[in-house]
2 protein chains.
Amino acid sequence: MGSLHGGTALLEWTEVVGSGNVITDEASLHAAETGTFATQQRIPAIVRPGSREEVQACMRIANRCSVAVYPISSGKNWGYGSRVPASDGCVLMDLGRMNRILDFSEELAYVTVEPGVTQAQLYAFLQERGSGLCMDATGASPGCSLIGNTVERGFGHTPYGDHFAHSCGLEVVLPGGDVIETGFGRFSGAHTAPTYRWGVGPTLDGLFSQSNLGIVTRMTIWLMPAPEYFQAYYFRCEQSDGLAGLIDSLRPLRLNGTIRSASHIANDYKVISALQQYPWQETGGQTPLTPEHMVRFRRELKIGHWNGSGALYGTKRQVQEARRLLRQALKGKAQRLQFMDDRMLQLAGRFAKPYQMVSGWNLERTLAVLKPVYGLMRGIPTDHPLESTYWRKRTPIPTNMDPDRDGCGLLWCSPVAPNDGKHAERLTTMASALVLSHGFEPAISLTVITDRSLACIISIAYDRSQEGEDGRAMACYRELLEKATSLGYPSYRLSVASMSEMEQSGTYGALLSTLKQTLDPVAVLSPGRYIASLSK
Amino acid sequence: MGSLHGGTALLEWTEVVGSGNVITDEASLHAAETGTFATQQRIPAIVRPGSREEVQACMRIANRCSVAVYPISSGKNWGYGSRVPASDGCVLMDLGRMNRILDFSEELAYVTVEPGVTQAQLYAFLQERGSGLCMDATGASPGCSLIGNTVERGFGHTPYGDHFAHSCGLEVVLPGGDVIETGFGRFSGAHTAPTYRWGVGPTLDGLFSQSNLGIVTRMTIWLMPAPEYFQAYYFRCEQSDGLAGLIDSLRPLRLNGTIRSASHIANDYKVISALQQYPWQETGGQTPLTPEHMVRFRRELKIGHWNGSGALYGTKRQVQEARRLLRQALKGKAQRLQFMDDRMLQLAGRFAKPYQMVSGWNLERTLAVLKPVYGLMRGIPTDHPLESTYWRKRTPIPTNMDPDRDGCGLLWCSPVAPNDGKHAERLTTMASALVLSHGFEPAISLTVITDRSLACIISIAYDRSQEGEDGRAMACYRELLEKATSLGYPSYRLSVASMSEMEQSGTYGALLSTLKQTLDPVAVLSPGRYIASLSK
């Protein structure tokens with residue numbers, strides 16, 4: 001931020017949002033500049049508008065003063081950059097104060113929210129009302145913004161797992177400060193603004209997701225009716241080469257609507273890192289985990305090379321029939337297909353101790369993992385998955401987790417593959433070998449994010465306080481992203497460290513840059529975020 | 001078309017597409033200028049490119065010569081304008097020659113097509129292969145283009161009824177002649193181009209639907225696995241005020257996934273006009289049909305004020321359970337809930353004659369309607385719904401139907417309402433009274449196009465050869481469109497007669513115009529189609 005104009009902007013913003021909402025103290029700025037991997041971007045100030053009108057006013061000031069701003073909703077963009085802007089010198093616009101739930105319909109099953117509304121807040125809202133609806137939750141922690149996650153096209157595990165596909169009716173502040181509503185919202189009094197996605201004429205929602213073309217200040221999110229009966233299923237596959245068989249036998253059930261949820265397959269590394277921290281003691285400090293360690297862990301924890309979970313929603317009879325079809329499909333492909341409902345979960349909790357005495361299996365440890373996954377499949381937010389960001393830390397996991405503050409290293413690479421066994425096999429084999437060769441554990445999950453696609457999340461978890469690890473992890477991430485893309489599996493989402501490297505050449509890149517140039521001629525909104533500026 | 005530049009363009013286009021594909025004879029032009037309602041737009045020529053490269057070359061010529069072109073796929077945009085451009089003087093670009101099926105996957109259930117590929121062609125393709133997949137079909141006739149209907153966001157009746165929601169991977173020729181691919185298609189060799197909709201970075205598909213920002217020259221369309229078992233259901237409601245109850249009792253079943261198809265409720269006028277032409281004899285030529293006529297018709301044809309249909313897809317047990325839930329939901333709301341599968345349909349056909357002798361009910365006539373609807377719910381294209389465009393004609397329906405040629409008057413108004421009884425009631429009550437007051441029969445259907453929305457199609461069918469009817473029908477249409485919008489039910493789609501009247505003011509209209517101006521500075525692509533040009 002050029003000091004002259006920047007100073008003017010700060011003064012003007014202060015007039016708009018109040019001095020308490022323009023933050024320039026070193027500690028706060030430093031915290032906001034810190035993510036779960038190395039970044040160089042500096043943040044000169046944080047501005048916290050409290051309403052859409054204030055966002056508009058702030059953008060007009062930004063344009064007048066040529067100061068770039070970078071909006072975040074909750075900033076819980078773990079593994080992709082947390083609160084850190086894509087370019088250096090952006091003022092952080094924190095939308096967390098805009099946390100109103102503006103509209104809700106029990107009958108039509110939707111809620112309309114501002115960017116500061118978190119998963120926990122919506123969950124509490126529904127509980128308080130005794131609503132018969134549930135939300136989809138990501139594992140990204142209860143404090144994660146609904147809008148933030150949805151515009152980034154994040155996902156969860158229920159039938160509404162593809163968040164962006166279950167949203168509509170965006171209110172967007174354009175870079176210049178004007179405001180529009182997408183879909184039917186632009187027609188005053190339209191009853192279908194929160195129910196029908198496309199509106200009439202071109203549909204603009206997509207322009208404002210994963211982009212820097214506007215600030216989403218309101219969104220309608222669709223909710224699911226809670227099922228009459230819910231049953232989760234878990235299975236494992238003992239064969240390291242069994243993944244393709246699993247994927248191919250589950251696909252028909254997803255395509256024909258028998259499995260409606262975004263089911264999930266995790267490799268052994270992923271499950272272990274969800275259950276505990278790195279076994280520094282047993283390994284004598286050696287990294288990464290060796291094949292021999294893995295054999296022992298799989299045996300001890302009763303997990304497979306691949307470990308699946310998902311859920312069935314419906315009447316008792318619908319679930320019963322789905323269970324029959326699932327059993328049939330997984331026969332010979334998976335071992336230990338188990339089903340769990342509320343009653344069983346309660347019982348298992350009660351009898352974990354005696355069970356362990358008889359079987360030697362630490363059911364409590366397994367339940368500790370199953371329960372949050374079980375909850376996620378019912379749309380209950382949890383911060384349990386956040387624990388795995390402490391995987392390589394040598395200090396215990398604190399109660400009040402904050403991966404940014406605690407030097408947890410985390411890079412998420414998220415290539416998409418067709419929902420097809422051979423592709424899943426090819427991608428995960430490459431990723432495992434590559435991540436191991438860089439000295440990290442390849443924790444991999446595959447989520448059936450849509451009928452035809454798998455979101456493959458490869459976590460590179462490390463300890464930022466270890467000398468050189470930041471650099472080694474980033475090198476691993478970059479090689480992985482490039483290799484996956486060149487094999488035909490580009491990622492559904494990018495980190496602030498990789499946005500500038502995304503293929504932006506050719507007519508597509510030119511089109512994006514032209515749109516950017518047209519809507520944001522002064523380049524004040526999130527420069528470098530998914531869209532490169534026109535090369536001059 | 002300015003004659004000088006226009007002439008140059010024609011010469012240059014001829015070099016690109018060959019003289020046989022530049023059409024300027026009066027008869028052809030006149031036919032293309034003729035839709036199912038009055039239009040004034042003249043078409044100076046028709047150009048028929050045979051490939052994407054030819055489309056690009058044609059657009060470059062159009063820009064150089066400042067000549068506007070208006071692309072159509074099959075031009076079967078019945079009720080909304082057929083082949084007639086939104087503005088006067090556009091050269092028609094007929095993409096019908098581009099009719100290749102470019103890619104197909106039985107496992108991942110998709111097909112990639114060019115704009116000339118028709119519903120009938122895809123259906124035959126799947127049949128020939130003995131594919132286990134089905135398509136969704138609209139009632140708009142077998143010759144209707146898949147891409148044309150999808151970019152207009154048309155719909156059918158299966159679980160894939162919302163066509164645009166089940167497509168991805170667009171190849172688009174921009175107004176200037178450059179070409180882009182949406183989604184992951186821009187990454188060379190991406191396996192997920194046909195399977196994952198959003199890609200990475202902003203999602204642009206929506207920009208190119210219902211717009212004039214690009215020409216879609218390729219699209220992937222997702223296909224459904226044929227169900228193990230299929231059962232259609234039909235019901236009727238004898239109470240004129242029973243609609244709200246029907247809608248509200250079906251909604252939960254749609255929201256919870258029990259009913260996955262786009263089920264359909266038609267009023268008595270709609271069913272009658274599907275079964276026969278206007279009863280000129282019985283009414284002594286009087287229009288519109290009186291309440292007394294309607295009482296008699298409903299009795300004779302065994303139909304209700306409201307008549308529903310839908311289908312259940314799954315294993316026998318899944319369908320059985322859905323049937324139980326449907327029965328429960330419709331209890332006291334609907335009469336004569338009946339189920340039909342392949343075997344029953346065969347039997348009914350065989351015994352229609354004896355059945356009539358016993359019961360007096362002309363089952364054959366009912367079957368004549370049920371069968372095409374039954375087929376549509378299995379994704380089998382039909383031209384049966386086209387017969388209703390001859391409703392008010394005094395001549396019999398020809399074998400080779402062509403509503404444009406035959407002077408069939410048809411205007412479709414298509415407001416969307418929330419999937420909620422009181423809204424459905426309010427909208428249809430208004431529409432019925434308004435259409436009747438203009439002297440036409442209000443043939444209305446409501447389709448549960450998404451979980452939360454009803455597409456309400458109100459047909460104004462008339463005889464263009466009757467003096468003054470064109471004007472009276474258009475007045476009715478305009479009043480209806482305006483009234484529906486002002487009540488809060490804007491339409492999901494517009495006719496070429498109404499695009500220019502759509503609300504384009506305010507920041508939203510300005511944004512659209514800016515996008516148009518940026519992507520098509522010479523305004524050569526479909527001027528006036530959904531997006532107004534910048535006022536100068």
Side-chain angles (χ1 to χ4, degrees), chain A residues 107-109 153 159 164 178-180 184 186-187 189-192 195-196 198 200-207 209-211 213 225 227 252 255-257 260 315 317-318 321 325 416-420 423 450 452-453 485 488-494 502-503 507-508 511-512 514 518 530-531, chain B residues 107-109 153 159 164 178-180 184 186-187 189-192 195-196 198 200-207 209-211 213 225 227 252 255-257 260 315 317-318 321 325 416-420 423 450 452-453 485 488-494 502-503 507-508 511-512 514 518 530-531:
Chain A
E107 293 71 34
L108 288 162
R153 301 203 288 263
F164 190 64
D178 283 344
V179 64
I180 61 152
F184 281 137
R186 68 176 149 136
F187 296 91
H191 304 294
T192 39
T195 69
Y196 185 72
W198 312 125
V200 63
T203 295
L204 303 185
D205 296 26
L207 271 187
S209 89
Q210 293 192 354
S211 89
L213 301 173
L255 276 169
N256 73 19
R260 291 156 52 223
T315 61
R317 283 187 220 175
Q318 285 173 330
E321 174 66 351
L325 296 168
V416 182
N419 186 5
D420 178 293
H423 286 292
T450 68
R452 289 165 186 77
S453 295
T485 305
Y489 309 108
S491 290
Y492 91 91
R493 183 171 178 181
L494 295 171
M502 191 179 66
E503 172 67 85
T507 49
Y508 194 92
L511 173 60
L512 290 183
T514 301
T518 303
Y530 285 105
I531 303 178
Chain B
E107 292 72 33
L108 288 163
R153 303 204 289 260
F164 190 63
D178 283 344
V179 64
I180 61 151
F184 281 138
R186 68 177 150 136
F187 296 91
H191 303 295
T192 39
T195 69
Y196 186 72
W198 313 123
V200 62
T203 294
L204 304 184
D205 296 27
L207 272 187
S209 91
Q210 292 192 355
S211 90
L213 301 173
L255 276 169
N256 73 19
R260 291 158 51 224
T315 61
R317 284 187 219 172
Q318 285 173 330
E321 174 66 351
L325 295 167
V416 183
N419 186 7
D420 179 293
H423 287 292
T450 68
R452 291 166 184 75
S453 296
T485 304
Y489 310 107
S491 290
Y492 91 93
R493 184 173 178 179
L494 294 171
M502 189 180 66
E503 171 69 85
T507 50
Y508 194 92
L511 173 60
L512 290 183
T514 301
T518 302
Y530 285 105
I531 303 178

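Hydrogens, waters and symmetry mates play no part in the numbers below; they use all other heavy atoms, side chains included.
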Hey, what's the ring geometry for A:H191 with B:Y489, parallel, tilted or perpendicular (30° and 60° as the breaks)? tilted
Tell me, out of [options], who's got the most heavy-atom pairs with chain B below 4.5 Å.
| options | result |
| --- | --- |
| A:P252, A:S209, A:S211, A:A417 | A:S209 |
| A:P202, A:G206, A:P159, A:A190 | A:P202 |
| A:D420, A:T315, A:D205 | A:T315 |
| A:F164, A:W198, A:F184 | A:W198 |
| A:G189, A:S453, A:G257 | A:S453 |

Do [X] and [Y] have side chains that approach each other closer than 4.5 Å (heavy atoms only, starting at C-beta)?
| X | Y | value |
| --- | --- | --- |
| B:L207 | A:L207 | yes |
| A:T195 | B:P418 | yes |
| A:N256 | B:P225 | yes |
| B:L204 | A:L511 | yes |

Check whether [X] gets within reach of chain A through its side chain, its backbone, both or neither, counting any heavy atom under 4.5 Å.
| X | result |
| --- | --- |
| B:R260 | side chain |
| B:A109 | both |
| B:Q318 | both |
| B:T450 | side chain |

Among B:D178, B:V416, B:L213, which residue forms the greatest number of heavy-atom pairs with chain A at distances under 4.5 Å?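 Ranked by contacts with chain A, first place is B:V416.
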Toward chain B, the part of A:T192 with a non-hydrogen atom under 4.5 Å: both
Is chain B contacted by the side chain of A:H423, its backbone, both, or neither, given a heavy-atom distance below 4.5 Å?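 For A:H423, side-chain heavy atoms alone lie under 4.5 Å from chain B.
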For A:T485 and B:F187, which heavy atoms make the closest approach, and how far apart are they? CG2-CD2, 4.0 Å
Enter the distance from A:Q210:CD to B:T203:OG1 here, rounded to the nearest 0.5 Å. 7.0 Å
